[in-house]
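Structure, as structure tokens:
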Amino acid sequence: MPTTDVVIVGAGPSGSTLAYHLAKKGWSVTLLEEHPLIGRPVQCAGLVSQRVLDMAGTSKMVQRPMGGAIVWGPSMGKIEFAAGETRAHVISREMLDFLLAERAARAGVQVLTGWKFKDIRERPNTPDGKVVLGAESPTGPAELTTRLLVGSDGVASTVARKLRLRRPIEILPAFEADLPFRDAPQDQVEIYLGRDLAPGFFGWSIPDGEGNVRVGVGLNARNGLLALDGYRELVRRMERRYGRKLPSPIRTIVSGIPVGQVPVISTDHGLLVGDAAAQVKPLSGGGIFTGMRAAELAAGVASAALEEGNLSAQRLREYDRQWAHEMGDEMDRALFFRRLFVQLSDADLDRLLEVLKESKLISTIVAFGDIDFPTLTIRELLGQSPSLVHLFPKALSAFFRRKRGLAPDVLAG
Ligand SMILES: Cc1cc2nc3c(=O)[nH]c(=O)nc-3n(C[C@H](O)[C@H](O)[C@H](O)COP(=O)(O)OP(=O)(O)OC[C@H]3O[C@@H](n4cnc5c(N)ncnc54)[C@H](O)[C@@H]3O)c2cc1C
């Protein structure tokens with residue numbers, strides 16, 4: 001196998017986006033995917049913003065536009081947001097991955113399916129040296145040589161471990177199932193809150209526009225509840241609401257959502273993008289937009305480093321800086337609000353929905369709602385109604401006991 005400038009491990013949205021941009025800049029790129037079919041198995045609810053379609057350069061994978069959301073509190077009180085326009089898209093995630101890999105292949109990327117990255121056999125000690133890596137190919141063990149190794153191999157990234165880069169602070173277990181169920185609202189995403197089904201996170205029901213709903217939960221593992229049990233509780237709640245049994249799932253997903261900023265995402269001859277680098281929105285668990293945007297940034301830095309023949313950690317650290325500059329504040333604020341959110345009891349959550357419903361704040365949420373930058377909306381809400389934070393004295397004092405000194409500038413908006 002000849003040397004390629006870059007080997008990228010994992011043909012999800014982040015890896016295929018990076019591969020495409022590097023090939024467009026003239027670099028030889030090999031993209032390894034352990035599964036025989038790109039996009040399978042699906043591990044996603046497929047809710048994305050217009051930015052993702054723009055970055056992908058196509059909207060072929062869109063199944064249904066979404067114009068709003070319903071949030072159900074623990075006691076099943078609800079608030080409804082209807083934007084009257086498209087705010088997000090439900091997509092076929094399988095098709096997104098396929099289209100992005102196809103675009104990369106058209107640009108000249110060598111896509112190797114059924115190839116699993118195993119380990120790093122040799123690492124150079126010069127900035128222009130080569131990495132030798134071991135893989136399992138469909139015909140047996142293989143070696144590849146490259147100037148730059150990229151881990152876009154998802155939440156359980158083997159590349160991150162082999163590059164000795166630190167893992168995310170928290171991985172939230174998630175369970176999702178596709179059910180053939182037409183009774184759910186067709187142009188609204190539904191969010192379910194409550195400690196019995198999703199302590200520290202939330203449950204969701206997302207129509208796919210083809211007569212199915214994607215019903216899932218993510219949760220904080222430290223609460224001792226399994227994601228499958230949370231999912232079963234969510235199904236029970238939905239059954240009570242609809243007054244009938246939900247059909248059996250036709251597809252299930254067990255996965256994890258990385259939460260928390262990874263301090264370093266580049267090293268000598270190595271980079272991480274996407275879930276492998278925990279580039280995931282901490283409040284929603286969405287990582288397609290952030291992973292693809294990180295891939296665009298990584299492509300610029302990697303290309304310049306390849307050009308200069310300097311793949312040192314020091315040179316590649318420019319990628320960390322660009323990521324922090326563009327997304328660091330949003331990620332930090334989102335982590336801050338998430339830490340606050342996990343302190344809220346069910347009674348707090350019910351009360352929050354009540355207050356939002358009674359005040360004029362719903363219109364603020366509708367006006368500012370942006371699924372990629374949710375903290376802008378939260379800041380706007382706090383700016384209009386600073387007393388919101390004082391609704392939860394117990395949660396706040398627990399929070400400040402644990403995180404002294406973090407909050408005031410954020411709460412001041
Ligand atoms: C239940 C659930 C629902 C979600 N819903 C949404 C949503 O609605 N919207 C959203 O934006 N995000 C969502 N996410 C998050 C989103 O799925 C991820 O952030 C996104 O997939 C990250 O893309 P990626 O390319 O970084 O990694 P991945 O999509 O995980 O791709 C990694 C690829 O690497 C391959 N791979 C792994 N190890 C190896 C190896 N050793 N060798 C070769 N190949 C390897 C894998 O097979 C995979 O194809 C959801 C996550 C979960 C768990």
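Residue indices begin at 1 and follow the sequence shown. Remember, it's 1-based here, ligands and their atoms both numbered in the order they're listed.
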**Report entry** Expected output: side-chain Gln43 to main-chain Ile253 donor-acceptor under 3.5 Å
**Finding:** no
Query raised in the report: Touching ligand 1 at all, Gly216? Heavy atoms, strictly under 4.0 Å?
Result: no
Query raised in the report: Would you say Ser312's side chain and Arg315's backbone share a donor-acceptor pair under 3.5 angstrom?
Result: yes
Query raised in the report: Does the side chain of Glu380 reach to within under 4.5 Å of the side chain of Thr377, using non-hydrogen atoms?
Result: no
Query raised in the report: What atoms of ligand 1 come within less than 4.0 Å of a heavy atom belonging to Gln43?
Result: 17 (O), 51 (C), 52 (C)
Report task. Answer whether the closest heavy-atom distance between the side chains of Asn220 and Arg338 falls below 4.5 Å. Result -> yes
Requested in this report: Assess Lys118 for proximity to ligand 1: is some non-hydrogen atom of it under 4.0 Å away?
Outcome: no
Requested in this report: Would you mind listing which atoms of ligand 1 come within a distance below 4.0 Å of any non-hydrogen atom of Gly287?
Outcome: 10 (C), 11 (O), 12 (N), 15 (C), 19 (O)
Query raised in the report: Does Phe175 come within less than 4.0 Å of ligand 1, judged by its heavy atoms?
Result: no
Query raised in the report: Is the closest heavy-atom distance from Gly285 to ligand 1 below 4.0 Å?
Result: yes
Report summary line: One finds that the ligand 1 atoms under 4.0 Å from a non-hydrogen atom of Trp115 are 42 (N), 43 (C)
Query raised in the report: If you round to the nearest 0.5 Å, how far is CG of Leu53 from CG of Leu96?
Result: 8.5 Å
Query raised in the report: Tyr231 vs Phe175 aromatic rings, parallel, tilted or perpendicular, using cut-offs 30° and 60°?
Result: tilted
Report summary line: In ligand 1, the atoms that come under 4.0 Å of a heavy atom of Leu47 are 7 (C), 8 (O), 9 (N), 10 (C), 11 (O)
Report summary line: Closest to atom 4 (C) of ligand 1 (heavy atoms only, candidates Gly10, Ala45, Ser284) is Ala45
Report task. Decide whether Gln63 and Ser92 meet the rule of one side-chain donor and one side-chain acceptor closer than 3.5 Å. Result -> no
Report task. Specify the protein heavy atom at minimum distance from atom 47 (O) of ligand 1: its residue, its atom name, and the distance to 0.1 Å. Result -> Glu33 OE2, 2.7 Å
